[in-house]
Amino acid sequence: MSTTDMNMAPVVDEEELRYARAQKREKVAKWVLPVVVIALAIFLWDRIVVWNNIPHYILPGPGVVLETLIKDWGMLSSALMVTLKITLAALAVAVIGGVGLAILFTQSRYFEMSFYPFAVILQVTPVVSIAPLIFIYVDNRLAALLLCAWIVAFFPILSNTTLGLNSTDHNLRDLYKIYGATRWQRLRYLQLPTALPYFLGGLRIAGGLSLIGAVVAEYVAGTGGIGSGLAFRILEAGYRLNIPRMFAALLLIAATGVVIFTAASLLSHALLHKWHESAIKRES
Amino acid sequence: MTPPTSIPPMGQRAKLLDMSNVDKVFNGNVVALKDMNLTVNQGDFISLLGPSGCGKSTALRLISGLMRPTSGHITWDGGMKSGDLGVVFQEPTLMPWATVEQNVWLPFRLRGKSLVQVQDEIMWALNMVGLEKFQKSYPRELSGGMKMRVSIARALVTEPRLILMDEPFAALDEITRHKLNNDLLELREKLKCTVIFVTHSVFESVFLSDRIVVMAARPGRVSSEVTVDAPYPRTEEFRTSADYAELCRKASDALHAAMNEHGARASA
Ligand SMILES: Nc1ncnc2c1ncn2[C@@H]1O[C@H](COP(=O)(O)OP(=O)(O)OP(=O)(O)O)[C@@H](O)[C@H]1O
Ligand SMILES: [Mg+2]
C-alpha cells in the first residue's frame, strides 16, 4: 500500500501544483483584466479625440472631463449627494416595503391574491409615464422623486423575497409541524433564512433600479434650482452645451451605480459565504 | 437519560401505540391505506417492507400526526406529547445556514429552550452518533453519511418514545449504509428506543429489525408479518451467517407473496 502511495505521490503533487497555479492566475486575472481593459478604453478615447482633433464641445477627452470634475466639484458633489440621498432612501423604503409585503403575502393567501396584481401593475407601468402625474399630485418635490424611485425598486425585492419565503424544504416544514412550531417560529427560523439568498439577489437588482428611478424621475421633474441632483445637472449642462460637465456628471452616476452594486455584492457575500452554494468556491 | 436496563423479549413488551382499522383516502379516490392494523410495543424495531406506492410513507405520516386518517384510530399509550417523536427522512433535511449543533438544537429551540440550556443534551446526542467534534461545522462541510448522522442526532435529542425513519439510508452508498446500520443497532441497544423503519431492502430489514411488517399495494395494507428471532447484538458476523440467509429468504418470500397478491388483484 505504502509503495503505491509513494509512486503516486509525485503525480498528484504535479497536478495539485498546476491546479494551484491556475487558481492563482485566475485570482489575479479577475482584477487585472477589467482594469487593463478599462485603461485601454480610456486611452483609446483620448487618442481618438486627439488624432481627429475633435473639439471638446462635441466629444471631450478624458483629461478634460477630469478637469471639469475637479473644477465643478462644488456643484457636482452637492448634486451627487442629492441623487445619492434619494436613491438610498428609495432603496431603504423598497427593502422595508418589499420584505414587509412579502411576509404578509406568505401569511395570508387571500391578502396575496388581493394585492399581488396591484404590485404587478405598478411594476409593468413605465415609471416615466406615471412620474408626471406623481409630480402633479405630490407637492413635496423630494417626496415625489422618492416615490418614483421606490416604485421601480421595490418589485424585485417583493417578488424575490416572496419566492424565497415559499421555497422552504417540505421535509423541514413537516419537521417544524411535528415539533409544534408556531407560525412566528416557522417564519423566523425557517422561512426568513431560506429567503435570504433570494432577497439579496433582489437587493442587487433593486440597488441599480433605485438609481435609475431617481435619475429618470429627476429628468421628468425638470427644473430644480436648489436641491437638484445629477440628472438635472446633466439636463442643464446639455442646454448650455457644456458637454464636459455632462460627461463628468455621467461619470458620477455610473460610479454611484458601481458602488451600490459592489456594496450589495459584498453584503451578500458576507451573509452567505458560510453556507450558501452561490458563495462557496468548490474545487472542480 | 436513564433508559431501561434491557429490552424485554417480544411478547412481554408494553404497548406504545395502536393503529386500528386505519383507512387513508386521497382526493376522494386514491386509497393509500385500507384497514391497516398495527400494534407497536416499547422496544420494537419494526421494518415496513413493501413495493413502491403501498403506503409506507403514508403510514408514517399518519403516525407522526402530519395527516389524519380518513377513518380508524391511532392511539398512543398515555397520549402523545411534543418530543415523543423523532423523525428521519430519506434526505438529511438539515438547515444549511445552521451549524451542526444548531440543527440538533431545533426540537428544543421550538420549545423555547436556549442553546446554552440544552448544551448537554445536544452534546450527548452528537456523541451518540460520533460527531462531537463537528458541532460547529456547517452541513456542507460534511459527507452524506455524516449529514445523516446529524439528522439522527436531531431525532434522538429529545429522547423520543418513538423514532420514525423513512428510507433513511436509501441514498447512501453500500459501505456507508452498512456502517450506519451497525451504528443504528448499537444506538438502539444503548437507548432501548422504539423504531419504525421504512425500507425497500429485504437485507436491511432482516439485519435491523425484530419485526418485519410486509405491505401490499393497491390498496395499501398489511400483507403479513415476519418475526426475526435472531438475538441482538447483531454484528457483521450475523450478516454472513446461515441464519441470516434463511431469514432473508423468508422475508423475500413474504414480499413476493405480497406483490403477487397485488398482481392477482390488478389482473382481476
Ligand atoms: N398527498 C397525496 N395526495 C395524493 N395521493 C397521495 C399523496 N401521498 C401519497 N399518495 C398516494 O398514496 C399511495 C401511497 O403513497 P406512499 O408515498 O405512502 O407510498 P410508499 O409506500 O411510501 O412508496 P415509496 O416506496 O415509493 O416511497 C400512492 O399511490 C401515492 O400516489
Ligand atoms: Mg415513501
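In what follows, chains are A, B, ... by sequence order, proteins preceding strands, each numbered from 1.
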Please look at A:D169 and chain B and tell me whether the side chain, the backbone, both or neither of the residue comes under 4.5 angstrom of a heavy atom of that chain.
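Just the side chain, heavy atoms under 4.5 Å.
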Looking only at heavy atoms, which of residues 85-94 of chain B get nearer than 4.5 Å to chain A?
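Only B:L85, B:G86, B:V87, B:F89, B:E91, B:T93, B:L94 of residues 85-94 of chain B have a heavy atom under 4.5 Å from chain A.
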With a 4.5 angstrom heavy-atom cut-off, could you sort out which part of B:R61 is near chain A: side chain, backbone, both or neither?
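B:R61 touches chain A through side-chain heavy atoms alone.
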Decide if atom [atom1] of [X] counts as having more than 12 heavy atoms of other residues, nucleotides or ligands within a radius under 6.0 Å.
X	atom1	value
B:K147	NZ	yes
A:L266	CG	yes
A:M81	CE	no

Gap between atom [atom2] of [Y] and atom [atom1] of [X] - 0.5 Å precision:
X	Y	atom1	atom2	answer
B:M95	A:W275	CE	CH2	11.0 Å
A:L175	B:L110	CG	CG	8.0 Å
B:D166	A:N171	CG	CG	8.5 Å

Any pair counted as salt bridge (Lys or Arg N to Asp or Glu O under 4.0 Å), so long as it reaches residues 177-202 of chain A, sequence neighbours left out
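As it turns out, there is no salt bridge (Lys or Arg N to Asp or Glu O under 4.0 Å) pair with a partner in residues 177-202 of chain A once direct neighbours are skipped.
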Measuring only between side-chain heavy atoms, which start at C-beta, is B:W97 closer than 4.5 Å to A:L190?
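In short, these two side chains touch, coming nearer than 4.5 Å.
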Locate the shortest heavy-atom distance separating B:L106 from A:Y176; write the atom from each residue and the value.
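Result for this residue pair: CD1-OH, 3.3 Å.
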Heavy-atom closest contact (B:R140 atom, A:K274 atom, distance):
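Nearest pair, atom of B:R140 first, then A:K274: NE-O, 2.8 Å.
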Residue-level contacts of residues 150-159 of chain A with chain B, using a heavy-atom cutoff under 4.5 Å
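Interface residues of residues 150-159 of chain A: none, nothing closer than 4.5 Å to chain B.
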Residues of residues 193-213 of chain A contacting chain B, heavy-atom criterion under 4.5 Å, by residue number
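Under the 4.5 Å heavy-atom cut-off, A:P193, A:T194 qualify.
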Can a cation-pi geometry be assigned to B:R109 and A:Y189, taking NZ or CZ under 6.0 Å from the six-membered ring centre and within 45° of the ring axis?
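Yes, B:R109 sits over the ring of A:Y189.
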